[in-house]
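Let me begin by presenting the structure, written as structure tokens, before commenting on it.
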Amino acid sequence: MPALTLYHYPRACSRVTVTALIKMGLDYESEIIDITKGEQKSPAYLAINPDGKVPALLVDGEIITQNAAILTYLHRLQPTAGLLPQTDDLVQETQQLSDLIWIASTVHPMVRQIRAPARFTSGDTTAVKADGEAKIVEVLQRLENRFVGEAWWYGADWSIIDIYLHWCLNTAASAGLALDDYPAVSIHHQNTETIPEYAEAMEREAAYFA
């Protein structure tokens, strides 16, 4: 296995990557980048990841950035781990990649509008947050339709997609988003918290802030 170093911050979306690494049972070096102190924009970190974001994964000295790309790499590194369903069908494999990109490029930015609207404007944040809340309604309805009669995104077994969705909705909920009108989504959200690997990732975060 390659030598891995994860640059991350507890509570950030890098929680998804941590969960993936726990699921895979891989050893890795942990480097905390305190985004609350702006360390992601420090010269030292920008030399590692010019995007100035977490997570970033160093693999034998080569850097991979963007959560969707990191998770795709980890799945291909150990496809039997169950981060995503195994398939030899190129279309299905590409659909899985599409699902990851959808969360990262569509759902995640909406969540950021709700939780951190100041990142999108130097003026009044009210309209930015309201826009994010309006957009995510369509996402919630899509999820509700999908999870009625299905335990997880891909059916019987959870995947890293479910973890990423939980992080997104949990982050939005911390800024007031309610899931009460979406019972299937609410059940999925609660069930995700019982996944042992995700619970362990949360415990590690709690220990960091203790």
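Counting begins at 1 with the first residue of the sequence. Side chains included, hydrogens not; waters and symmetry mates left out as well; all remaining heavy atoms used.
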Would you please name every residue forming a salt bridge (charged side-chain N to carboxylate O under 4.0 Å, His left out) with Arg142, sequence neighbours left out?
-> none
We want to know whether [X] and [Y] form a side-chain donor-acceptor pair, criterion being a heavy-atom distance below 3.5 angstrom.
X      : Y      : result
His108 : Tyr164 : yes
His8   : Ser30  : yes
Glu193 : His166 : yes

What residues form a ring pair (Phe, Tyr, Trp, His ring centres under 6.0 Å) with Tyr45, not counting sequence neighbours?
-> Tyr7
Are the aromatic rings of Trp153 and His188 close, with centres under 6.0 Å apart?
-> no
Could you tell me whether a side-chain N or O of Asp51 sits under 3.5 Å from a main-chain N or O of Lys53, the two making a donor and an acceptor?
-> no
Pair Glu200 + Arg204, salt bridge at N-O below 4.0 Å | yes
Indicate yes or no: at least one non-hydrogen side-chain atom of [X] is less than 4.5 angstrom from one of [Y].
X      : Y      : value
Tyr198 : Arg15  : yes
Leu6   : Leu21  : yes
Glu133 : Gln113 : no
Thr192 : Asn170 : no

Yes or no on side chain to side chain donor-acceptor pair (under 3.5 Å) for Asn67 and Thr17, after CA distance, side-chain angles and deciding distance?
-> CA-CA 7 Å; Asn67 231 347; Thr17 318; 2.6 Å; yes
Could you pull out all donor-acceptor pairs under 3.5 Å where a side-chain atom in residues 71-79 meets a protein atom, sequence neighbours excluded?
from	atom 1	to	atom 2	distance (Å)
Thr72	OG1	Ala68	O	2.8
Arg76	NE	Glu93	OE2	3.4
Arg76	NH2	Glu93	OE2	3.4

Hey, does the Lys NZ or Arg CZ of Arg11 hover above the aromatic six-ring of Tyr208, less than 6.0 Å from the centre and inside 45° of the axis?
-> no
Would you please test Gln95 and Asp99 for side chain to side chain donor-acceptor pair (under 3.5 Å) and show each step?
-> CA-CA 6 Å; Gln95 287 171 338; Asp99 291 339; over 6 Å; no
